[in-house]
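The structure under discussion appears below in the form of structure tokens.
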Amino acid sequence: MTRCFLKSIIILILTNLSFTSHANDKILLIGDSLSAGYGLEQAQAWVHLLQNKYIEKNQPITVINTAISGQTTDNALLKIDAWLKAHQPSHVLIELGGNDGIRGFPVKLLQKHLSQLVTISQQHGAKVALMEIHIPPNLGPRYRQMFTDSYSKVAKQTGAYLMPYFMSDIAVDTSLMLNDNLHPNAKAQPIIRDFMYSEINKWLAD
């Protein structure tokens, strides 16, 4: 009887530990049109689908989406303090830089802005993930490589978690893209959701 009781207590404790490991995970997503659901209904967008998946799996993780179409790193710097104070996130995921690259912003400026976004978030007590963004090849191989390398460089300098780009396989499949060939369509959103579910789990466990 005592043995059964103790066994029940141990199982209960382990269950509670498993549950509370993510009990306070609140992820602030700072992104652009790729995360804002450009051209789609919000219910179709990957962030909405991901939140629904957490709910279905009883995972107490909240994603706060502040992504704005056209947002650049300098735009985000003007707003980040207000977002952090308003939401008090435990984690910050930065999905930015694509618009900087398309506009041909200097790589050093991109790195400076990304570093500031990461550092400000860390100063507010949040763990930070930096998504490695890739830009179209028409911008030239040298600039493109320097641009991509900026993310691992900033992550190393700041201690941020480097997350792979969710568009790498999707961008090369026209059946998953809108007619502008820049944004994922509705068919791509569940694929991104599953990719991000896996990658965020790895980050939270890191």
Side-chain angles (χ1 to χ4, degrees), residues 27-54 62-80 83 91-107 109-111 113-114 117 128-141 143-152 154-155 161-203:
I27 303 171
L28 179 69
L29 170 58
I30 304 175
D32 52 31
S33 56
L34 297 178
S35 296
Y38 177 86
L40 305 170
E41 297 291 335
Q42 283 304 302
Q44 297 175 302
W46 73 264
V47 179
H48 184 84
L49 298 178
L50 178 62
Q51 187 63 70
N52 284 344
K53 187 164 185 173
Y54 287 138
T62 302
V63 182
I64 302 157
N65 192 5
T66 64
I68 303 169
S69 292
Q71 183 155 246
T72 55
T73 54
D74 55 345
N75 294 152
L77 277 170
L78 298 174
K79 308 180 188 90
I80 188 169
W83 286 333
H91 296 74
V92 173
L93 170 57
I94 301 170
E95 178 271 300
L96 281 177
N99 290 307
D100 300 55
I102 290 172
R103 289 167 173 77
F105 284 13
V107 169
L109 188 60
L110 170 73
Q111 292 174 4
H113 290 166
L114 289 174
L117 289 167
V128 183
L130 185 62
M131 180 174 287
E132 183 180 84
I133 306 297
H134 300 171
I135 53 177
N138 61 308
L139 294 165
Y143 178 77
R144 189 185 187 201
Q145 189 61 54
M146 289 172 63
F147 179 93
T148 303
D149 290 346
S150 295
Y151 291 85
S152 58
V154 170
Y161 180 90
L162 187 64
M163 187 175 288
Y165 192 35
F166 58 43
M167 289 292 293
S168 294
D169 294 331
I170 290 170
V172 295
D173 187 342
T174 55
S175 71
L176 298 176
M177 299 293 287
L178 294 175
N179 291 334
D180 62 7
N181 288 320
L182 291 173
H183 298 94
N185 60 25
K187 184 180 175 183
Q189 301 302 309
I191 299 173
I192 298 175
R193 173 202 60 197
D194 292 343
F195 178 91
M196 290 304 294
Y197 180 79
S198 174
E199 292 301 326
I200 288 174
N201 281 344
K202 292 176 187 176
W203 172 35

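Quick caveat: nothing in here was measured; it's all calculated off a predicted structure.
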Supply the atom-to-atom distance [X] [atom1] to [Y] [atom2], rounded to the nearest 0.5 angstrom.
| X | Y | atom1 | atom2 | answer |
| --- | --- | --- | --- | --- |
| Asp74 | Leu78 | CG | CG | 7.0 Å |
| Leu28 | His91 | CG | NE2 | 12.0 Å |
| Glu41 | His48 | CD | NE2 | 11.0 Å |
| Leu49 | Ile192 | CG | CD1 | 9.5 Å |
| Leu182 | Ile102 | CG | CD1 | 5.5 Å |
| Ile135 | Arg103 | CD1 | CZ | 12.5 Å |

Above 12 or not: heavy atoms from other molecules or residues under 6.0 Å from [atom1] of [X]?
| X | atom1 | result |
| --- | --- | --- |
| Lys187 | NZ | no |
| Tyr38 | OH | no |
| Asp180 | CG | yes |

Less than 4.5 Å apart, side chain to side chain, heavy atoms only: is that true for [X] and [Y]?
| X | Y | result |
| --- | --- | --- |
| Glu95 | Met167 | no |
| Lys53 | Asp194 | yes |
| His113 | Leu96 | no |
| Glu199 | Met131 | no |
| Phe195 | Asp169 | no |

Report the relative orientation of the aromatic rings in Trp46 and Phe166; use parallel for angles under 30°, tilted for 30 to 60°, perpendicular for over 60°.
-> perpendicular
Anything under 30° is parallel, anything over 60° is perpendicular, the rest tilted; go ahead and classify Tyr165 against His134.
-> tilted
So, [X] side chain and [Y] main chain: donor-acceptor pair closer than 3.5 Å or not?
| X | Y | value |
| --- | --- | --- |
| Asn99 | Asp32 | no |
| Asn181 | Thr174 | no |
| Gln71 | Gly31 | yes |

Could you pull out the closest heavy-atom pair between [X] and [Y], with the gap in Å?
| X | Y | answer |
| --- | --- | --- |
| Leu77 | Ile80 | O-CG2, 3.7 Å |
| Trp203 | Val128 | CZ2-C, 3.8 Å |
| Ala186 | Gln44 | CB-NE2, 3.7 Å |
| Leu40 | Pro184 | CD1-O, 4.1 Å |
| Ser33 | Ser69 | CB-OG, 3.4 Å |
| Ile30 | Ala76 | CG2-CB, 4.0 Å |

Can you check side-chain contact (heavy atoms from CB on, under 4.5 Å) on Leu93 and Met163, steps first, answer last?
-> CA-CA 9 Å; Leu93 170 57; Met163 187 175 288; 3.9 Å; yes
Where do Arg144 and Leu139 land on the side-chain contact (heavy atoms from CB on, under 4.5 Å) test, with the steps shown first?
-> CA-CA 6 Å; Arg144 189 185 187 201; Leu139 294 165; 5.5 Å; no
Test side-chain contact (heavy atoms from CB on, under 4.5 Å), reference Leu114, set Ile133, Asp100, Thr73, output is Thr73
Please report the C-alpha distance between Leu50 and Val63 in whole Å, then the side-chain angles of each, then the deciding distance to 0.1 Å, and finally whether the side-chain contact (heavy atoms from CB on, under 4.5 Å) criterion is met.
-> CA-CA 8 Å; Leu50 178 62; Val63 182; 4.3 Å; yes
List the steps, then state whether side-chain contact (heavy atoms from CB on, under 4.5 Å) holds for Tyr54 with Thr62.
-> CA-CA 8 Å; Tyr54 287 138; Thr62 302; over 6 Å; no
Any luck finding a side-chain donor-acceptor pair between Asn201 and Ser198 under 3.5 Å?
-> no
